[in-house]
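Here the structure is laid out as structure tokens; the discussion comes afterwards.
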There are 2 protein chains.
Amino acid sequence: MPAAQPPSAPALAWTDASPAVNASFLEGLIGYNARRAALAVIGVFLERMAPFDLRVVDFSVLTLIAHNPGITSRQLSAALAILPPNLVGLVRQLEERGLIEKHPHPHDRRAQGLYVTEAGRSLQSEAQAVVASLETEAITHLTEDERQTLIRLLRKVYHSQP
Amino acid sequence: MPAAQPPSAPALAWTDASPAVNASFLEGLIGYNARRAALAVIGVFLERMAPFDLRVVDFSVLTLIAHNPGITSRQLSAALAILPPNLVGLVRQLEERGLIEKHPHPHDRRAQGLYVTEAGRSLQSEAQAVVASLETEAITHLTEDERQTLIRLLRKVYHSQP
DNA sequence: TATTGTTATACTCTATAACTATA
DNA sequence: TATAGTTATAGAGTATAACAATA
């Protein structure tokens with residue numbers, strides 16, 4: 001979420017005197033709140049992942065490859081809802097950084113299995129530890145019960161879609 | 001640099017026709033689930049809003065103007081986390097469709113107050129009714145209690161960000 | 001000097017069509 | 001005929017700098 005103007009700085013008189021904008025209807029919508037929460041969490045994610053030079057999508061791809069040795073580009077596409085053409089440059093960059101490697105698929109000569117290199121495994125492991133800590137640290141206003149409830153309800157929402 | 005898992009090792013991801021990718025770590029993250037839920041809900045939103053020719057952002061802007069007569073572009077920018085330059089074309093299109101009008105601001109000649117026209121008020125009202133029904137209908141797998149809990153926890157997440 | 005609305009622009013993200021080599 | 005990976009490209013979405021009018 002791009003920084004909304006902090007209301008701390010004293011602005012024009014009429015602005016201060018004006019009642020806050022009424023956004024009550026939007027604030028009652030799941031989509032509106034889910035998007036804002038996602039943007040907020042992703043903002044913190046980007047800060048903490050900067051040392052690893054990993055965006056959200058880079059971390060997701062690297063993590064799935066680390067946890068699923070030999071996964072194909074097509075499987076990544078389905079798992080992350082990224083269209084195949086948009087995955088090409090992504091995978092190529094990780095490969096050029098020496099984090100992953102492509103190897104021939106044993107049963108399908110069209111496909112290629114993706115594997116993390118030793119450097120990739122190491123980087124993913126460190127990054128995963130940082131991400132895991134974000135869940136319990138940066139979102140400290142949620143108890144563990146609330147965190148699990150939140151995830152359960154979110155999954156219920158997107159699994160119930162037609 | 002050697003691959004951590006050589007291709008000669010037993011394959012995990014492509015063994016059979018039901019390639020169940022292990023995404024367990026990502027699925028335990030709030031950001032991942034919030035983004036997927038938002039995308040799912042927005043997908044349904046777009047379908048149902050097609051008759052009104054309104055995208056999510058169009059509906060949001062039109063709704064805030066309808067609920068806040070005389071709101072300025074700057075206030076919309078802050079309320080929706082949209083940068084001022086990106087709001088210009090948005091507002092202009094709604095104006096060209098005859099849904100909103102600009103009027104001089106009473107106390108600040110730099111600013112312009114935004115107001116819905118009669119056509120705008122009518123369209124927004126119909127669209128809002130459809131959106132409200134989506135919350136209780138398309139997300140029918142959630143009880144009203146769960147829906148309110150979900151929204152409360154989501155707000156807690158993005159309000160607790162630094 | 002600061003703010004509102006604006007233009008121009010660039011960069012990212014996402015989407016579609018079409019090609020190749022395999023199946 | 002269908003699928004995996006790829007290329008090229010178009011369209012959204014999002015970002016910064018800078019300007020004129022006004023505060």
Side-chain angles (χ1 to χ4, degrees), chain A residues 1-18 35-36 38-39 42-43 46 53-58 60-61 65 70-95 100-114, chain B residues 13-14 17 19 21 35-36 38-39 42-43 45-46 49 53-61 65 70-95 100-114:
Chain A
M1 167 100 38
Q5 311 291 17
S8 52
L12 296 179
W14 77 267
T15 305
D16 280 339
S18 295
R35 178 174 174 272
R36 288 201 58 170
L39 289 175
I42 286 171
L46 289 181
D53 194 19
L54 292 176
R55 295 166 301 166
V56 172
V57 67
D58 298 317
S60 301
V61 166
I65 296 175
I71 192 173
T72 66
S73 179
R74 214 70 185 191
Q75 288 176 303
L76 283 177
S77 173
L80 295 174
I82 299 174
L83 293 170
N86 299 330
L87 216 43
V88 176
L90 213 66
V91 167
R92 179 163 44 213
Q93 282 183 314
L94 293 177
E95 195 183 9
I100 65 172
E101 282 176 358
K102 293 177 181 175
H103 292 291
H105 191 288
H107 305 126
D108 187 340
R109 279 186 296 170
R110 294 170 305 180
Q112 298 171 98
L114 300 173
Chain B
W14 60 57
V21 172
R35 178 174 174 273
R36 289 201 56 170
L39 288 176
I42 286 171
F45 185 102
L46 289 181
M49 284 297 106
D53 195 17
L54 291 176
R55 295 165 301 166
V56 172
V57 68
D58 298 318
F59 174 77
S60 301
V61 167
I65 296 174
I71 192 173
T72 66
S73 179
R74 216 70 187 188
Q75 288 176 301
L76 283 176
S77 172
L80 295 174
I82 299 174
L83 294 171
N86 300 330
L87 215 44
V88 176
L90 213 67
V91 167
R92 179 164 45 213
Q93 281 183 313
L94 293 176
E95 195 183 10
I100 66 172
E101 281 176 0
K102 293 177 181 174
H103 292 293
H105 191 285
H107 305 125
D108 188 338
R109 278 185 295 169
R110 294 171 305 182
Q112 298 170 96
L114 301 174

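Heavy-atom basis, side chains included; hydrogens, waters and symmetry copies ignored. Keep in mind that this is a model prediction, so the values were computed, not measured.
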Practice task
Would you mind telling me which of C:dT6, C:dA15, D:dA15 lies closest to the side-chain atoms of B:Leu83?
Solution key: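 Looking only at side-chain atoms, B:Leu83 lies closest to D:dA15.
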Exercise for the section: Report yes or no: does A:Ser77 contribute a side-chain atom to a donor-acceptor pair with the main-chain N or O of A:Ser73 at less than 3.5 Å? Expected result: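 Not at all, since once roles are kept as given, no pair shorter than 3.5 Å links the two residues.
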Exercise for the section: Could you tell me whether the phosphate oxygens of D:dA4, OP1 or OP2, come under 4.0 Å of any side-chain nitrogen or oxygen in A:Gln75? Expected result: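 So the side-chain polar atoms of A:Gln75 never come under 4.0 Å of the phosphate oxygens OP1 or OP2 of D:dA4.
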Problem - Distance below 4.0 Å between B:Lys102 side-chain N/O and C:dT4 OP1 or OP2 - result: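 No, B:Lys102 has no side-chain N/O under 4.0 Å of OP1/OP2 on C:dT4.
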In whole angstrom, what separates [X]'s [atom1] from [N]'s [atom2]?
X	N	atom1	atom2	result
A:Glu95	D:dG5	CD	P	13 Å
A:Ile71	D:dA4	CD1	P	13 Å
A:Asp58	C:dT12	CG	P	12 Å
B:Leu90	D:dT14	CG	P	10 Å
B:His105	D:dT22	NE2	P	15 Å
A:Ile42	D:dA15	CD1	C1'	17 Å
A:His103	D:dG5	NE2	P	15 Å
A:Leu80	C:dC13	CG	C1'	15 Å

Residue pair [X] / [Y]: nearest heavy atoms and the distance that separates them:
X	Y	result
B:His103	B:Glu101	NE2-OE1, 3.1 Å
B:Val61	B:Leu76	CG1-CD1, 4.0 Å
B:Phe45	B:Leu54	CE2-O, 4.4 Å

Hey, what are the protein-to-nucleotides 7-12 of chain D N/O distances that come in under 3.5 Å?
residue: D:dT7; atom: OP2; partner: A:Arg92; partner atom: NH1; Å: 3.3

Exercise for the section: By nearest nucleotide on DNA chain C, pick out whichever of A:Ile82 and B:Gly113 is the more 5' one. Expected result: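 Result: B:Gly113.
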Practice task
Name all residues meeting the side-chain hydrogen bond (donor to acceptor under 3.5 Å, both in side chains) criterion together with B:Arg35; count only those two or more places apart in sequence or in a different chain, and write none if there are none.
Solution key: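 Partners of B:Arg35 by the side-chain hydrogen bond (donor to acceptor under 3.5 Å, both in side chains) criterion come out as none, since no residue qualifies.
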Handout entry: Qualifying residues under side-chain hydrogen bond (donor to acceptor under 3.5 Å, both in side chains), relative to B:Glu95, sequence neighbours excluded
Key =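 B:Glu95: no side-chain hydrogen bond (donor to acceptor under 3.5 Å, both in side chains) contacts found.
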For nucleotides 20-23 of chain C, print each protein N/O atom paired with a nucleotide N/O atom at under 3.5 Å, atom names and distance only.
residue: C:dA23; atom: OP1; partner: A:Arg109; partner atom: N; Å: 2.9
residue: C:dA23; atom: OP2; partner: A:Arg109; partner atom: NH2; Å: 3.1

Handout entry: Partners meeting salt bridge (charged side-chain N to carboxylate O under 4.0 Å, His left out) with B:Arg92 (sequence neighbours left out)
Key =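 Listed in chain order: nothing, the list is empty.
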Handout entry: side-chain contact (heavy atoms from CB on, under 4.5 Å) partners of B:Gln93, counting only residues at least two apart
Key =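 With sequence neighbours excluded, B:Gln93 shows a side-chain contact (heavy atoms from CB on, under 4.5 Å) to B:Arg55, given in chain and number order.
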Practice task
With rounding to the nearest 0.5 Å, note down the distance linking OG1 in B:Thr72 to CG in B:Leu87.
Solution key: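 The distance works out to 9.5 Å.
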